[in-house]
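Below: the structure, in structure tokens.
Counting begins at 1 with the first residue of the sequence.
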Amino acid sequence: MTAGLPPNPTLSTGGSLMPLNRRFTVTRQGGPPQFDAGAAFPIDWFLFGKRAAAVMAAEKSVDVAAAGFSDLVRQRIAGTISAFYDVLEAQATLQLAREDMNNLSELEKITANRVELGGVGTVELDACACRFSAAGAKCGPGKWRWKAR
């Protein structure tokens, strides 16, 4: 924004010669006091393209900052989308685990009925209980409880 502004002029003031109330010598010149004022305005800023170069550099800096911000926004959006799909995947996995637990519970009931009828040994019921408790550990603590006989 300030790169396009013209440079500031410089103002200077000064004084020379001694007042008239002293003696004048060869080494101490005298005369009426003289005050100088000057103003300077640099023209090389315009003649040699410094202003155009400064404006172009400032525009490029703005472009770099905008690109950095756009990249940050893109990364935040991509992260949000990724997190959304991670949550959907976790919900689907939890639903499958619950269905698996229900199926294993049903299998344990069927195997318990078969043991009572004498169709299989108690080893099969213990194997079902092991599968059931292993699947319960995958679902997380407190979600499913294995009941001891």
Exercise for the section: Please report the shortest heavy-atom distance between P42 and N8, naming the atom on each side. Expected result: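 Distance-wise, the nearest heavy atoms are CD-O, 4.1 Å.
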Practice task
Please report the shortest heavy-atom distance between P9 and F41, naming the atom on each side.
Solution key: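 Looking at all heavy atoms of both residues, the shortest contact is CB-CD1, 3.8 Å.
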Nearest 0.5 Å please: distance from the [atom1] atom of [X] over to the [atom2] atom of [Y].
{"X": "I110", "Y": "E108", "atom1": "CD1", "atom2": "CD", "result": "11.0 Å"}
{"X": "R76", "Y": "L72", "atom1": "CZ", "atom2": "CG", "result": "5.0 Å"}
{"X": "T111", "Y": "E116", "atom1": "OG1", "atom2": "CD", "result": "11.5 Å"}
{"X": "L107", "Y": "K109", "atom1": "CG", "atom2": "NZ", "result": "11.5 Å"}

Exercise for the section: Please lay out, stage by stage, how N102 and E106 fare under the test side chain to side chain donor-acceptor pair (under 3.5 Å). Expected result: CA-CA 6 Å; N102 290 335; E106 188 66 29; over 6 Å; no
Exercise for the section: Assess the side chains of E99 and N103: does a donor N or O sit below 3.5 Å from an acceptor N or O? Expected result: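 No, no side-chain donor-acceptor contact under 3.5 Å.
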Problem - Members besides I81 in its Ile/Leu/Val/Met/Phe/Trp/Tyr cluster (side-chain heavy atoms under 4.5 Å) - result: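 Members other than I81 - counting any ILVMFWY side chain reachable under 4.5 Å - are F69, V73, I77, F84, Y85, L88.
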Exercise for the section: Kindly check if the number of other-residue, nucleotide or ligand heavy atoms within 6.0 Å of CG (L47) is above 12? Expected result: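 For L47, atom CG is crowded (more than 12 foreign heavy atoms under 6.0 Å).
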Practice task
Verify the neighbour count for atom CD of E89: are there more than 12 heavy atoms of other residues, nucleotides or ligands below 6.0 Å?
Solution key: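 Not more than 12 within 6.0 Å, no.
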Exercise for the section: Using salt bridge (Lys or Arg N to Asp or Glu O under 4.0 Å) as the criterion, list what pairs up with D86, not counting sequence neighbours. Expected result: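 Testing D86 for salt bridge (Lys or Arg N to Asp or Glu O under 4.0 Å), a comparison that skips the adjacent residues, returns none.
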Practice task
Look only at the side chain of S61 and the backbone of A57, and say whether a donor-acceptor pair between them is shorter than 3.5 Å.
Solution key: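 Indeed, once roles are kept as given, a pair shorter than 3.5 Å links the two residues.
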